[in-house]
Amino acid sequence: MPLTTRRALMLAPLGVAVAGGAGFYAMLRGLGSGSYDPRGVPSALVGKPAPAFTLPALPGAPAPAFGDADLRNLPGPVLVNFWASWCVPCIVEHPQLMRLSREGVPILGINYKDKAADAAQFLTRHGNPFQRLGQDEPGRVAIDWGVYGVPETYLLDRAGIIRWRWPGPVTPEVLDQDIRPLLKRHA
Amino acid sequence: MRRLLLALLLGAPLLATAHAVGLPSELLADPAQEQRARAIGRELRCLVCQNQSIEDSEADLARDLRRIVRERVAAGENDAQVIDYVHARYGDFVLLRPPLNAATLLLWGMPVLALGGGLLAILLLRRRGAPPPPPPLSAEEQARLAALEEQAPR
């Protein structure tokens, strides 16, 4: 065997180890910053319009119902938020939603597998950030959106195309690092 | 007696069915359709527990998906149509048998790569294993060998 091929073969495992190390380092950094979640399910709907649906209004809630027809030809980007009164991370993200709604960002809420009275009480207690509010008691519309747990937040552009999905609570970091730049980009 | 009890206790989980589908109201009336629905459900990952199929999981979402699978089977859809319905909503992640595409090429190619790598290593080692025959003895060495043989006791 020529000396150069031999040397190349000897370096090959080292190359594999270096590539592997770089990969694992990137994964660890992503885990630390929250950009990589090994248990996260990527959304199959990003780049597509909202699925067809119509939801009833939440009885006793201070916002009208909506359907997919209300998510086309929008004046600007909107957020669609799946939440429930029994969901603890929803309480964590609520101040961020309130902040966005005070700034004039339209947030449309879908109340997932909840009792109407509990949901209304949640909004009385923590405030209502939702311009519109649909009730998805059976959770079927959530499945059409590919929701696998609450809370989940979707960002739609003016054409009604889903541009971004966040599974989990909207923390102040998610608000500043993801939502604000996206709202600016799709404004 | 105690031994018998222990054996029964240890054996009990084996007798229990591995299915989370327990409620008779969840099952389809037609056994053939129920069999098909189970086979489809075993191909679909529960998005909540992630290492169980929707047939094995107790999660709420898995129960909803089981119901959807059974509704669509009962409506006369074929297996591919039912799986496509769930796949369109949850993406490749929901399939316990990932499809072959650019992102999964390494995954599916790994057995071939590992086997090929092993074969290559064996070939290289075998080639190295047979060293070239030594050069014939020089005239000087032959003379020395002859002298040694002379001296050797018979």
Side-chain angles (χ1 to χ4, degrees), chain A residues 1-3 5-13 15-17 19-20 23 36-53 68 82 84 86-87 89 110 112-115 136-152 154 162 164-165 167-168, chain B residues 41 44-54 57 59-72 82-96 98-99 101-104 106-107 110 113-114 116-132:
Chain A
M1 208 184 323
L3 201 65
T5 10
R6 239 184 126 142
R7 202 164 271 173
L9 272 174
M10 275 169 70
L11 282 175
V16 170
Y36 169 71
D37 175 11
R39 285 179 63 86
V41 180
S43 175
L45 269 75
V46 169
K48 292 182 187 157
F53 72 96
D68 62 300
F82 288 80
W86 46 260
C87 138
I110 296 180
Y112 174 77
K113 292 198 176 204
D114 209 349
K115 292 195 183 99
D136 185 18
E137 200 278 318
R140 276 302 175 91
V141 170
I143 285 178
D144 285 341
W145 280 73
V147 170
Y148 67 102
V150 275
E152 270 192 31
Y154 293 74
I162 296 170
W164 176 82
R165 193 276 308 257
Chain B
L44 298 172
R45 185 200 300 272
C46 167
L47 286 309
V48 181
C49 3
Q50 305 208 342
N51 280 327
Q52 284 184 309
S53 77
I54 60 166
S57 171
D60 259 11
L61 183 65
R63 190 183 313 137
D64 289 351
L65 288 171
R66 279 203 296 273
R67 197 170 299 149
I68 285 177
V69 165
R70 278 165 179 74
E71 275 173 18
R72 304 196 84 79
V82 179
I83 287 177
D84 278 352
Y85 179 91
V86 182
H87 181 222
R89 282 154 183 76
Y90 287 100
D92 289 349
F93 200 89
V94 81
L95 305 175
L96 280 172
N101 58 32
T104 58
L106 196 61
L107 177 71
M110 204 36 101
L113 281 180
L119 276 178
L120 195 74
I122 289 172
L123 276 177
L124 287 177
L125 282 175
R126 282 188 70 162
R127 249 211 287 187
R128 196 191 293 170

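The chains referred to below are lettered A, B, ... by the order of the sequence lines, with proteins before strands, and numbering in each begins at 1.
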If the test is side chain to side chain contact (heavy atoms under 4.5 Å, CB included), which one of Val94(B), Leu95(B), Val69(B) qualifies with Ile83(B)?
Leu95(B)

Got a donor-acceptor contact below 3.5 angstrom from the Tyr90(B) side chain to the Val147(A) backbone?
yes

Measure the spacing between CZ of Arg66(B) and CG of Leu61(B) and express it to the nearest 0.5 Å.
10.5 Å

Does any backbone or side-chain atom of Ala59(B) lie under 4.5 Å from a heavy atom of chain A? Answer side chain, backbone, both or neither.
neither

Checking Leu45(A) against chain B: side chain, backbone, both or neither under 4.5 Å from a heavy atom?
side chain

What part of Pro138(A) lies closer than 4.5 angstrom to a heavy atom of chain B: side chain, backbone, both or neither?
backbone

Mutual orientation of the aromatic rings belonging to Trp145(A) and Phe53(A) [parallel < 30°, tilted 30-60°, perpendicular > 60°]:
perpendicular

